[in-house]
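Working notes, structure below.
Because the structure is a prediction, the values reported are computed rather than measured.
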Amino acid sequence: MNKLEDFNGILSNDASLNPDFYNWNRVKLRYCDGGSFSGDAKFDNGTSVLYFRGQKIWEAIILDLLPKGLGNADKALLSGCSAGGLSSFLQCENFYRALPTNTSVKCLSDAGFFLDERDITLNYTMRTFFENLVSLQGIEKNLDKNCTSFLDNPKLCMFPQYFLNYMTTPFFILNTAYDVYQFHHALVPPSADMNGDWKRCKLSIASCTPQQLDILQGFRGDMLAALSSFLKDSTSGGMFINSCFAHCQSETQETWFALGSPSIQDKAIAGAVGDWYFSRNISKLIDCAYPCDASCNNIIAQVS
């Protein structure tokens, strides 16, 4: 772990770079359990013993923070990126319950809306990964009970799309419709591209063939379908789904709030999140399909 962490984007203390949240108390939780702070199991194969205690780590951190000021907060926002974004989904209701009833508690997931999507060979690569993770770390008992009692396969409740409608705490979903991590590891994992037909496309979107672009547009369509009920029915939720090729946008200044940062209807991500949190405006924005958005940075070659 790095001894020093940069606090940029939504974590910046510069009012010109982070106008809505610059003067908040900020705490960064170290992600070290491999299960988005949700595991609670001991693995013993006779040779090695591994302890997965993400849920207990989460509970210990919150208990430590409450007497240090969190317990007196007027407003609180739980956010995270990627695996941390998934943690925000999984721990949001617990975060709400841990704070006083008069605290305004909301949650934000950045690039954490992992889809239960088939890869290009029609295998459920990401589903298999999540199912194995849930089994290994004993996560099922910590998943949303409404979801696990409803689905025939309760392990799927690790995917936000299956428990999102059961959440009651106000939630904001920040995601690209062409999330690069999911593009590289769920839609076109190495196991599905043994001949390297997608190598050039993965390195540069401009190198994708028309057929490959059609598949990527299909992924976007599936993501929007999975979000449709949240878009239509949630009265407290917010959304910023842009059409950039990127992964995580809230903790990088260039994508959060800067000249030329990604925007939808002339609204930058920081403004959309601020409007939602402070109830200034309805904040549910969905971008048109690639390649219409000229504000994207398309940070595609930086994800392996």
Side-chain angles (χ1 to χ4, degrees), residues 7-27 73-82 84-96 99 101-113 160-161 163-177 179 223-224 226-244 246 248-258 261-288 293 295-296:
F7 278 49
N8 298 314
I10 194 173
L11 299 176
S12 172
N13 62 358
D14 187 330
S16 67
L17 301 176
N18 185 28
D20 282 315
F21 303 102
Y22 74 94
N23 60 349
W24 284 42
N25 298 294
R26 293 147 296 143
V27 179
D74 294 322
K75 300 179 178 65
L77 174 62
L78 176 67
S79 69
C81 154
S82 192
L86 180 57
S87 300
S88 294
F89 276 114
L90 295 170
Q91 297 296 343
C92 182
E93 304 293 88
N94 291 331
F95 187 58
Y96 172 81
L99 270 66
T101 55
N102 61 346
T103 303
S104 174
V105 179
K106 300 186 179 184
C107 304
L108 160 68
S109 170
D110 177 7
F113 195 77
Q161 69 197 79
F163 65 84
L164 181 60
N165 289 340
Y166 298 116
M167 296 180 65
T168 57
T169 304
F171 208 96
F172 192 99
I173 300 173
L174 167 60
N175 233 94
T176 68
D179 183 272
M223 177 171 286
L224 296 184
L227 289 166
S228 60
S229 60
F230 180 80
L231 172 66
K232 179 169 59 78
D233 299 330
S234 175
T235 57
S236 63
M239 182 186 296
F240 190 100
I241 309 296
N242 56 354
S243 293
C244 304
C248 292
Q249 302 177 92
S250 63
E251 295 181 25
T252 303
Q253 197 60 56
E254 290 75 18
T255 49
W256 174 249
F257 187 66
S261 62
S263 61
I264 303 176
Q265 299 175 15
D266 296 323
K267 178 75 68 175
I269 294 170
V273 173
D275 284 352
W276 161 76
Y277 190 93
F278 295 101
S279 302
R280 293 191 298 244
N281 199 357
I282 296 173
S283 194
K284 288 182 178 176
L285 300 172
I286 297 178
D287 209 353
C288 50
D293 190 345
S295 71
C296 289

(Q) Which heavy atom of S295 sits nearest to which heavy atom of P262, and what is that distance? (A) OG-CA, 3.4 Å
Q | Check: S88 side chain, C107 main-chain N or O, donor-acceptor pair, under 3.5 Å | A | no
Q) Where is the tightest heavy-atom contact between K106 and T169, given as atom of each residue plus distance? A) CA-CG2, 4.2 Å
Q: Determine the minimum heavy-atom distance between W276 and S283, stating which atoms define it.
A: CB-CB, 3.8 Å
**Q.** I10 and L77: CA distance, side-chain angles, deciding distance, side chain to side chain contact (heavy atoms under 4.5 Å, CB included) verdict
**A.** CA-CA 11 Å; I10 194 173; L77 174 62; 4.0 Å; yes
Q: Considering non-hydrogen atoms only, spot the tightest contact between Q249 and T255 and give its length.
A: O-OG1, 2.8 Å
Q: Indicate yes or no: at least one non-hydrogen side-chain atom of E93 is less than 4.5 angstrom from one of Y166.
A: no
Q. Can you tell me how far OG of S109 sits from CG of L86, rounded to the nearest 0.5 angstrom?
A. 7.5 Å
(Q) Measuring centre to centre across the rings, with the benzene-like ring taken for any Trp, is F89 within less than 6.0 Å of F171? (A) yes
Q: Report the C-alpha separation of L90 and F163 in whole Å, then their side-chain angles, then the decisive distance to 0.1 Å, and conclude whether the side chain to side chain contact (heavy atoms under 4.5 Å, CB included) test is met.
A: CA-CA 9 Å; L90 295 170; F163 65 84; 3.8 Å; yes
Q. Does the side chain of R280 reach to within under 4.5 Å of the side chain of D20, using non-hydrogen atoms?
A. yes
Q: For N102, look at atom CG and say whether over 12 heavy atoms of other residues, nucleotides or ligands are found less than 6.0 Å away.
A: yes
Q.
Contact between I269 and W256 at the side-chain level, heavy atoms closer than 4.5 Å - yes or no?
A. yes
(Q) Atom CG of residue position N25 - does it have more than 12 heavy atoms of other residues, nucleotides or ligands inside 6.0 Å? (A) no
Q.
To the nearest 0.5 Å, what is the distance between CG on D74 and CH2 on W24?
A. 9.5 Å
(Q) For a side chain to side chain contact (heavy atoms under 4.5 Å, CB included) check, start with the C-alpha distance between R26 and F21, then their side-chain angles and the critical distance, and finish with the verdict. (A) CA-CA 9 Å; R26 293 147 296 143; F21 303 102; over 6 Å; no
**Q.** Spacing of C244 atom SG and D179 atom CG [to the nearest 0.5 Å]
**A.** 11.5 Å
Q. Got a donor-acceptor contact below 3.5 angstrom from the D293 side chain to the S243 backbone?
A. no
(Q) Any non-hydrogen side-chain atom of I264 less than 4.5 Å from a side-chain atom of F240? (A) yes
Q.
Can you confirm whether the side chains of S250 and D110 place a donor and an acceptor under 3.5 Å from each other?
A. yes
Q) Can you tell me how far the CG atom of N242 sits from the CG atom of L285, to the nearest 0.5 Å? A) 10.0 Å
Q) Out of curiosity, N281 CG to K267 NZ, how far, rounded to the nearest 0.5 Å? A) 6.5 Å
(Q) Between F172 and S79, is there a side-chain heavy-atom distance shorter than 4.5 Å? (A) no
**Q.** Smallest separation among heavy atoms of G238 and K284, with atom names
**A.** CA-CG, 4.3 Å
Q | Minimum-distance pair of heavy atoms, taken over all atoms of P160 and G112 | A | CG-O, 3.6 Å
**Q.** Point-to-point distance, once rounded to the nearest 0.5 Å, from OG of S12 to CD of Q253
**A.** 5.5 Å
(Q) Does T168 form a side chain to side chain contact (heavy atoms under 4.5 Å, CB included) with Y96? I'd like the steps, not just the answer. (A) CA-CA 10 Å; T168 57; Y96 172 81; 5.8 Å; no
